[in-house]
2 protein chains.
Amino acid sequence: MPTSKDVARLAGVSQSTVSYVMSGKRPISEEVRQRVQAAIEELTYHPNAGARALAGRRTHVVGLVVPFGASADPGGLLPFIETIASGAREHDHDVLLVTADEGTSALTRLEGRRLCDAIVLMEVEARDERIPVASGLRVPVLLVGVPEEPDGLVCVDLDFAAAGRLAVEGLVERGHRRIAVLGYPPEAVERDIGYVRRFGDAALAAASAAGVECALVSPVAHTAAAVRAAVGRALETARDGDGADDDGLDDPGLGLVVASGGAVPLALTALAERGVVPGRDVSVVAMLPDATAAATSPPVSNVSTESRDVSRRAVQELFRLLGDDPPTGGGVHLVTPRLTHRRTTVAGPAGA
Amino acid sequence: MPTSKDVARLAGVSQSTVSYVMSGKRPISEEVRQRVQAAIEELTYHPNAGARALAGRRTHVVGLVVPFGASADPGGLLPFIETIASGAREHDHDVLLVTADEGTSALTRLEGRRLCDAIVLMEVEARDERIPVASGLRVPVLLVGVPEEPDGLVCVDLDFAAAGRLAVEGLVERGHRRIAVLGYPPEAVERDIGYVRRFGDAALAAASAAGVECALVSPVAHTAAAVRAAVGRALETARDGDGADDDGLDDPGLGLVVASGGAVPLALTALAERGVVPGRDVSVVAMLPDATAAATSPPVSNVSTESRDVSRRAVQELFRLLGDDPPTGGGVHLVTPRLTHRRTTVAGPAGA
DNA sequence: CTGAAAGCGCTAACAG
DNA sequence: CTGTTAGCGCTTTCAG
């Protein structure tokens with residue numbers, strides 16, 4: 001296995017020149033650069049990462065702390081990881097994957113052992129015990145998710161308020177006058193106070209702004225029974241004050257927002273059991289990644305969780321943190337979701 | 001940031017003693033060990049990974065090459081990655097994540113830069129261009145998936161033949177006399193010749209052993225149209241030779257095996273469109289991870305792809321490769337899947 | 001059972 | 001524009 005010394009010898013230059021050719025940190029004459037490049041190719045030289053990290057005090061690795069274990073994830077995680085990994089490679093960095101179940105010690109280990117130059121912390125909760133630790137580290141940390149106390153850290157997340165608004169407005173546009181929001185499971189309600197509240201509040205606000213009724217059914221556990229009950233309650237609520245079943249020809253029925261992606265299959269099943277057909281009798285809009293939404297049966301209208309966009313943004317901010325200019329600590333970056341109507345929304349009032 | 005030198009000074013010993021205390025590669029008197037440990041705690045010392053790798057020629061990192069980009073994965077990837085990551089941590093290793101789109105150069109980079117001590121290559125295809133490269137590396141490589149030419153490498157995979165058999169036998173047990181297998185999408189048929197063939201052949205063999213008819217409908221693209229057509233063909237086939245619709249009270253109808261997890265929602269939709277109810281008119285058994293199967297509507301009976309078991313096995317074999325005893329190159333390790341009946345299989349002939 | 005010392009392969013001042 | 005040199009922090013012989 002060749003070292004930079006071998007390259008230097010073969011090219012007839014000094015070892016440092018080889019280093020500078022690779023890093024571009026110093027002007028090199030075209031002639032020398034050519035010779036060195038040729039030697040590198042010929043020997044298929046690769047710089048030893050450990051040595052490089054030791055001498056240069058940069059590992060060219062970013063640590064990624066992923067929320068495994070707890071993950072009953074409806075599909076957004078993988079694209080996220082993929083995007084971070086490819087993004088890192090584009091900047092000549094690698095990704096070290098650490099699972100969140102290591103807790104706060106993952107952070108001190110990554111920092112203490114000099115395993116990486118920066119850390120991305122995924123699925124940050126509202127009051128996340130890792131935040132205070134993270135903000136005390138010397139390596140920059142990027143949060144995915146917005147905690148209550150960002151503590152000067154940079155955060156990137158989906159704009160959940162916009163998502164709640166979008167879902168409700170989309171249903172109102174299709175003529176729904178009664179809306180119900182199936183909320184998050186109890187665990188999430190306790191853990192993720194941040195986005196849970198932001199989504200719900202924005203949904204309610206949008207409804208009231210549009211002058212339509214909106215019931216928030218929450219929490220809803222991810223069990224068949226709980227979702228069935230919640231769907232029942234939502235449908236009952238909608239029927240109240242409406243008098244009869246089917247008298248208004250223009251009434252598109254209930255507009256149902258499913259805030260937690262994981263509940264979608266259960267909700268669809270619950271509706272089917274009652275003989276209620278989404279896209280005809282009611283509309284269903286769920287919070288889901290596009291790919292997952294398109295793969296349910298029937299494909300469910302969705303407010304995209306855009307993990308791809310969020311992670312692209314995360315990569316961008318990450319390498320700003322690693323860049324030359326001091327990026328002025330802190331800052332919250334929100335990515336706006338999109339609403340896509342699929343088979344579960346009714347056509348709407350104005351013909352369409 | 002303290003170094004092992006600082007620890008040594010504080011403990012009143014030499015640097016090498018600190019090293020030996022940490023590695024246990026040399027007997028240390030209890031007294032000295034205590035002092036050193038105390039110093040380590042006090043300074044919250046962490047060994048510098050780069051320096052350790054450089055001097056010790058072990059990185060304590062395993063490279064994981066994941067099949068992103070192409071992945072329309074029905075859920076098995078994440079648990080796999082998670083299991084590898086936790087398993088590695090249990091052996092005091094970290095995981096460096098690399099995406100497969102880097103191709104064969106990912107391997108040479110991991111090896112050349114000394115980024116890891118071993119490599120796990122996921123979703124290996126039958127004739128995978130990375131195999132010859134992998135088998136030429138100095139770092140041990142573990143394949144997940146069985147290529148045609150393992151080239152002396154260790155492979156771990158699900159036993160797809162057993163899976164095909166299991167699916168068919170499960171349906172036969174429930175009284176089905178006519179079975180159809182919805183095969184893999186064209187891409188997979190061309191790419192993954194290995195397990196595609198193994199699954200199909202075993203299914204057909206099991207059917208013929210049981211004396212029941214079995215039609216293999218393949219390839220089936222993952223589009224609504226293609227799956228709809230395939231389901232139609234499967235149902236027609238079953239109706240032939242049966243004469244009428246519903247005369248045999250004991251005839252549990254068609255037994256449908258969906259070999260490719262990604263087609264499941266489409267297949268369920270296609271059945272629903274025809275008014276055919278799984279679990280009553282036909283049975284459906286799909287090849288899916290348990291979690292995914294439980295989350296479809298209705299929950300579909302499945303032959304588990306057991307990515308968790310496969311990855312546990314992979315970790316086990318991986319650290320055998322990294323262990324002290326030379327593990328005698330090569331070897332194929334197959335993990336046996338399980339069949340779980342959910343709501344999409346009929347009750348069966350004998351009451352049940 | 002413990003210490004001293006020689007690198008591992010690279011980068012980054014210093015010198016020209 | 002290029003070469004020389006001193007480490008980065010650890011492991012591991014080689015001596016006790």
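Values reported hereafter were calculated over all heavy atoms of this structure, with side chains retained and with hydrogens, waters and symmetry mates removed. Just so it is clear: chains get the letters A, B, ... in the order the sequence lines come, proteins before strands, and each one is counted from 1.
Scanning atom types as modelled, no donor and acceptor separated by under 3.5 angstrom connect the side chain of B:R57 and the base of D:dT11. A donor-acceptor contact under 3.5 angstrom links the side-chain atoms of A:R26 to the base of D:dT2. Checked by distance alone, A:S16 brings a side-chain donor or acceptor within 3.5 Å of a matching partner on the base of D:dT4.
Note: CE (B:M1) to C1' (D:dC10) measures 16 Å, nearest angstrom. Remark: C1' of C:dC10 and CZ of A:R58 are 16 Å apart, rounded to the nearest angstrom. Regarding A:R52, its CZ atom lies at a distance of 10 Å from the C1' atom of C:dT11, rounded to whole Å. Rounded to whole angstrom, the span from the CG atom of A:N48 across to the P atom of C:dT11 amounts to 10 Å. Taking atom CG of B:D117 as the reference point, atom P of D:dT11 lies 13 Å away to the nearest angstrom. Between the NZ atom of A:K25 and the P atom of C:dA12 there is a distance of 4 Å, rounded to whole Å. Note: CD (B:Q15) to C1' (C:dG3) measures 11 Å, nearest angstrom. Distance OH (A:Y20) to P (C:dG9): 20 Å, rounded to an integer number of Å.
The B:S19 side chain lies nearest to D:dT12 when the options are C:dA4, D:dC8, D:dT12. Across C:dC8, D:dG7, D:dG3, the shortest atom-to-atom separation from the side chain of B:A55 is found for C:dC8.
Side chain of A:D151 to backbone of A:L153: no donor-acceptor contact under 3.5 angstrom is found. A donor-acceptor contact shorter than 3.5 Å links the side chain of B:E111 to the backbone of B:V139. Listed for the B:T44 side chain is no donor-acceptor partner under 3.5 Å among the backbone atoms of B:E41. A donor-acceptor pair under 3.5 Å is absent between the side-chain atoms of A:R113 and the main chain of B:A49, judged by distance alone.
Contact between the side-chain N/O atoms of B:S4 and the OP1/OP2 oxygens of D:dC10 is found at a separation under 4.0 Å. Remark: B:S14 is in phosphate contact with C:dG3, judged by side-chain N or O atoms under 4.0 Å from OP1 or OP2.
Where A:T3 and B:R33 meet DNA chain C, the nucleotide closest to each residue was compared, and B:R33 sits on the side nearer the 5' end.
Nucleic acid contact class of A:V18 (heavy atoms, under 4.0 Å, all strands): none.
A donor atom on one side chain and an acceptor atom on the other are found under 3.5 Å apart for A:S14 and A:T17.
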